[in-house]
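Source: prediction; values computed, not measured. Reminder, nothing fancy here: chain letters follow the sequence lines and each chain counts from 1.
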2 protein chains.
Amino acid sequence: MGEINIKQLASELNLSAATVSRALRDSHEISAETKARVMEMAKKLNYEPNPFASSLRHQKSNTIAVIVPEVANNFFSLAIKGIEEVARAKDHHVLIYQTHESGELESSFMTRLLSGRVDGVLISPASHVASKDYFQKVSEKIPMVFFDRDHDDIEGVKITTDDYESAYSATQHLLEAGCKRIGFLAALDTLTTGKKRMQGYIDALKDNGLTAEPELIVTQCENNEPCRSKIRYFIARQKPDGILSSIEELALPCYYVCKELNLNIPKDLKVITYSNLSHAELLNPSLSTINQPAFEIGTEAATILFKMFSKRWYDPNITISLKSNIIKRESTQA
Amino acid sequence: MGEINIKQLASELNLSAATVSRALRDSHEISAETKARVMEMAKKLNYEPNPFASSLRHQKSNTIAVIVPEVANNFFSLAIKGIEEVARAKDHHVLIYQTHESGELESSFMTRLLSGRVDGVLISPASHVASKDYFQKVSEKIPMVFFDRDHDDIEGVKITTDDYESAYSATQHLLEAGCKRIGFLAALDTLTTGKKRMQGYIDALKDNGLTAEPELIVTQCENNEPCRSKIRYFIARQKPDGILSSIEELALPCYYVCKELNLNIPKDLKVITYSNLSHAELLNPSLSTINQPAFEIGTEAATILFKMFSKRWYDPNITISLKSNIIKRESTQA
DNA sequence: TTTATTTACGTAAACGTTTACGAATAAAGG
DNA sequence: CCTTTATTCGTAAACGTTTACGTAAATAAA
């Protein structure tokens, strides 16, 4: 580990470790002259204080944890970017954990964070839920903020987007583009996020005199290979003329499937999806998206976490909703 | 921080802290009966050992650092995914740092890691270089692996891809598709990575009886807004009929620019680029890519780092090159 | 001058673990 | 029976920092 410690540095200067420690933290108890001597020698010897000793003594880690389903995801990588930048400004370190949508893994990460390894947690929960006890347990001990995803039966500080409204608007948009038979590719249906998106879809249909038929809602279709064939079967069988996808990973397979089935987007099937694809405009056809402010969600969540650290945040149970941006492109053209 | 510590746990059991510690680590010095009692009570009281005390004592952190230019990037997020998975399997924690291509930031991160905060470092260096001393300084103290990017004048363990060969092949591919005037969008030219890509381009031209004309090489064009206008000017002025881009971020602007200039890809201009875009196939036209095995680079780099930890790796100066995959699509069709 | 206050530093304890060393008991060997 | 060895556990020191407390000298107030 680190080479030189504060005692060696102190003896080099004929000072006590206490004085050196205080000098380095610019304490008023130390003379300017001594401070200068200490600083110089510290730089000369490349002294770096041992963070574990420091954390042990202070009972704080200057570290936060970010728990996400996946890093390699347009939304989460952007959110993490935002989080890291805020943490950097606050001189904190960022630990990353991937759950791969597993509740068990998530539970294991969370409970192990109770050791004091981090001062706070930013989490976007896994969709496959085992137990939920650990959320409560952790948030009782250390500040915690949900971002993007959350459970409606868990209290906490939550940064989300306008999932209901955006799904409603997107459905409305499909209807206005002439769709009569709109399919919904569900995901995250164990989470508030997914439920709201579905409810927005259902209500928009209802408000337009239509009913959401169960056979038009595709569920249990996560990110793996059977997914595409399930979608192919759905499109071939149900012949929807519009699709609202609740995650990017389900929308892009539609493009491939339409090629296979010789269907034209948007003539035969219009597609709109939640997505943070930065180049949706370059797709063929360009893809209409519900774009979530991923970066801002990250910065906002992190900012609030730091406010919780400094007790400048008092509401333990609040949901802050940021606006998504619906961008209409060729894939939903009338 | 953590609520209960080992002393309280011990007193609860009428044992000494030492015994509890040993029991938890399954030491042979402790009777099976006692171990069981300890385990049970530890679970009951949700005991989590304080990692800082443990790290302080052991002089190891069970943590690795990943330093990258950006997290929100198709390549790096995939690499990080791979790294995290390997670290998970080894029960290590992963700290993330973004340099935003700044050498100063990178330097600051690196030198502060000398405190012992991490047992090893995985780094993909920033393109804007300040000094390079810190690479040497860090790698002398703790295991360090370069991935994807590196400096040719710095020794070390490096996981890269076949940059020279892939650039050569891509250029060859453009030539075979009929290009006579191939532009090169340079990036990372301070790094071995970028230099090799350019050399591959130059040599491929030379081997085909052509010379790389300076006005066909666009440099100093990083990821920001002036970038697109620079590319627009380049295409309008130099009228290349083929472009090899050394990073994804420079290739996609070509698509936008060609729309603006009413140029047809691939008829008027063929484009191929280094990229980890997962849906290059869906672009209009579908984009020919040099696909780097980002995930594998991540896992390979991490695996080697762990071998260095356990002294099962002896070569301090070696470059391991993984093969990139050139995927020819519509954007380079003859 | 004496006393009170300020300045500048040192001593030692504490943070929570781990582990070298030692000790007590039990089992085994003679 | 005594001695040796194995088993099981406790004591105390150590990891490197920080900080409450103490103290000596210098300065100010009386």
Handout entry: Short N-O contact, B/Glu70 and A/Lys81, less than 4.0 angstrom
Key = yes

Handout entry: Presence of B/Thr34 side-chain N/O under 4.0 Å of D/dC9 phosphate oxygens OP1/OP2
Key = yes

Practice task
Report yes if a side-chain nitrogen or oxygen of B/His58 is closer than 4.0 Å to either non-bridging phosphate oxygen (OP1 or OP2) of C/dT19; otherwise report no.
Solution key: yes

Problem - Atom-to-atom span, CD1 of B/Ile6 to P of C/dT18 - whole angstrom - result: 6 Å

Exercise for the section: Compare the minimum distances between each of C/dT19, C/dA8, D/dT19 and the side chain of A/Ala18, then state the nucleotide with the smallest one. Expected result: D/dT19

Exercise for the section: Using whole Å, report how far CD of B/Glu33 lies from P of D/dC9. Expected result: 8 Å

Problem - Partner of A/His92 by side-chain contact (heavy atoms from CB on, under 4.5 Å), out of A/Val118, A/Asp119, A/Val86 - result: A/Asp119

Problem - Name of the residue among A/Ile83, A/Val71, A/Ile67 meeting side-chain contact (heavy atoms from CB on, under 4.5 Å) with A/Ile96 - result: A/Val71

Problem - is_close_aromatic(B/His151, B/Phe146), centroid dist under 6.0 Å - result: no

Problem - DNA chain D: 5'-proximal contact among B/Ser16 and A/Ser54 (nearest heavy atom) - result: B/Ser16

Handout entry: Residue B/Ser31, side-chain atoms from C-beta onward, closest of C/dA8, C/dT17, D/dT8
Key = D/dT8

Handout entry: Distance, rounded to the nearest Å, where B/Leu9 contributes CG and C/dG16 contributes C1'
Key = 12 Å

Handout entry: Sugar-phosphate only, base, or nothing, as touched by B/Arg22 at under 4.0 Å among non-hydrogen atoms
Key = base

Exercise for the section: Please state how far atom CG in A/Asn62 lies from atom P in C/dC15, giving the value in whole angstrom units. Expected result: 20 Å

Practice task
Could you state the atom-to-atom distance from CG of B/Leu13 to P of D/dT8 in whole Å?
Solution key: 17 Å

Exercise for the section: Kindly say whether B/Phe135 contributes a backbone atom to a donor-acceptor pair with the side chain of B/Ser139 at under 3.5 angstrom? Expected result: yes

Practice task
On DNA chain C, check which nucleotide each of A/Lys35 and A/Arg57 is closest to and give me the residue with the more 5' one.
Solution key: A/Lys35

Handout entry: Between D/dG16 (P) and B/Lys60 (NZ): distance, integer Å
Key = 16 Å

Exercise for the section: Take B/Thr19 and B/Ala53, find for each the nucleotide of DNA chain D with the closest heavy atom, and name the residue whose nucleotide sits nearer the 5' end. Expected result: B/Thr19

Exercise for the section: May I ask you to verify if any side-chain N or O of A/Tyr47 is less than 4.0 angstrom from the OP1 or OP2 atom of D/dT17? Expected result: yes

Fill in the blank from the handout: To the nearest angstrom, the CZ-C1' distance between A/Phe52 and C/dT18 comes to 15 Å

Problem - Between C/dT6 (P) and A/His28 (NE2): distance, integer Å - result: 11 Å

Problem - N or O in side chain of B/Gln59 less than 4.0 angstrom from D/dG16 OP1/OP2 - result: yes

Problem - Side-chain donor/acceptor of A/Glu29 to base of C/dC9, under 3.5 Å - result: yes

Practice task
Answer yes or no: does a side-chain N or O of B/Asn5 lie under 4.0 Å from OP1 or OP2 of C/dG16?
Solution key: yes

